[in-house]
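Note that the numbering runs from 1 along the sequence shown for the chain.
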Amino acid sequence: MSFVQDANNWTSKDSKGSIMLKCDLHDYLEIMCLYQYQVELTMLDKSVINDQFTDTGFTEINGNKKEVIKGAINDDNSQVIVEIEQIKSVKVLTPKPVFSYIDFTSA
C-alpha cells in the first residue's frame with residue numbers, strides 16, 4: 001500500500017484515495033473515547049459539535065467506508081457519528097483531562 005502525504009500534514013491518502021489519520025493524532029481520539037471526555041469538536045466547515053464520544057470505528061457514508069467517532073447513545077437511542085477526516089480541532093471540556101486541545105490542521 002502506498003501513501004501520498006496530504007498538504008495539510010495531518011492525514012495520508014492510500015492508493016485508493018482513502019484518507020487515513022496520522023497515528024499520533026488518532027491517539028488523541030482514542031484517549032478522548034477511553035475517558036469519555038465531554039468535548040467540543042470544531043469541524044472543517046466551521047460547525048461545532050458538543051458531545052461525549054465512546055468509540056472509534058468505520059461506517060459507510062455515501063457508499064464510501066469512512067473512519068468515524070461515535071457518541072454515547074442518547075435517551076432517545078440516537079447516536080452522534082462524526083467522520084474523523086472532517087474534524088478541525090478538539091477542545092476537551094471535562095476537568096483535568098490528559099490533553100485539553102488539539103488542532104488537527106496544524107499538528
Worksheet item: Heavy-atom distance under 4.5 Å between the side chains of Val98 and Val92, does that happen here?
Response: no
Worksheet item: Crowded around Asp75 CG? As in, over 12 foreign heavy atoms under 6.0 Å?
Response: no
Discussion item. Do Ile69 and Ile84 make a side-chain contact, defined as non-hydrogen atoms from C-beta onward lying under 4.5 Å apart?
Written reply: yes
Discussion item. Show the nearest heavy-atom pair for residues Gln38 and Asn50, with the distance to one decimal.
Written reply: NE2-C, 3.9 Å
Discussion item. Distance to the ring centre below 6.0 angstrom and angle to the axis at most 45 degrees; does that hold for Lys65 and Phe58?
Written reply: yes
Worksheet item: What distance separates Ile81 CD1 from Thr59 OG1, expressed to the nearest 0.5 Å?
Response: 5.5 Å
Fill in: Short side-chain to backbone donor-acceptor contact, Ser89 and Ile102, under 3.5 Å
no
Worksheet, complete the sentence: All heavy atoms of Ile31 vs all of Tyr37, minimum pair found to be CG2-CE1, 4.1 Å
Worksheet item: Can you check side-chain hydrogen bond (donor to acceptor under 3.5 Å, both in side chains) on Thr56 and Glu67, steps first, answer last?
Response: CA-CA 7 Å; Thr56 62; Glu67 190 170 12; 5.3 Å; no
Worksheet item: Does atom OH of Tyr101 have more than 12 heavy-atom neighbours, drawn from other residues, nucleotides or ligands, at distances under 6.0 Å?
Response: yes
Worksheet item: Quick one: do Glu60 and Lys66 make a salt bridge, cutoff under 4.0 Å?
Response: no
Practice prompt. May I ask you to check whether over 12 heavy atoms, not counting those of Lys70, lie within 6.0 Å of atom NZ?
Written response: yes
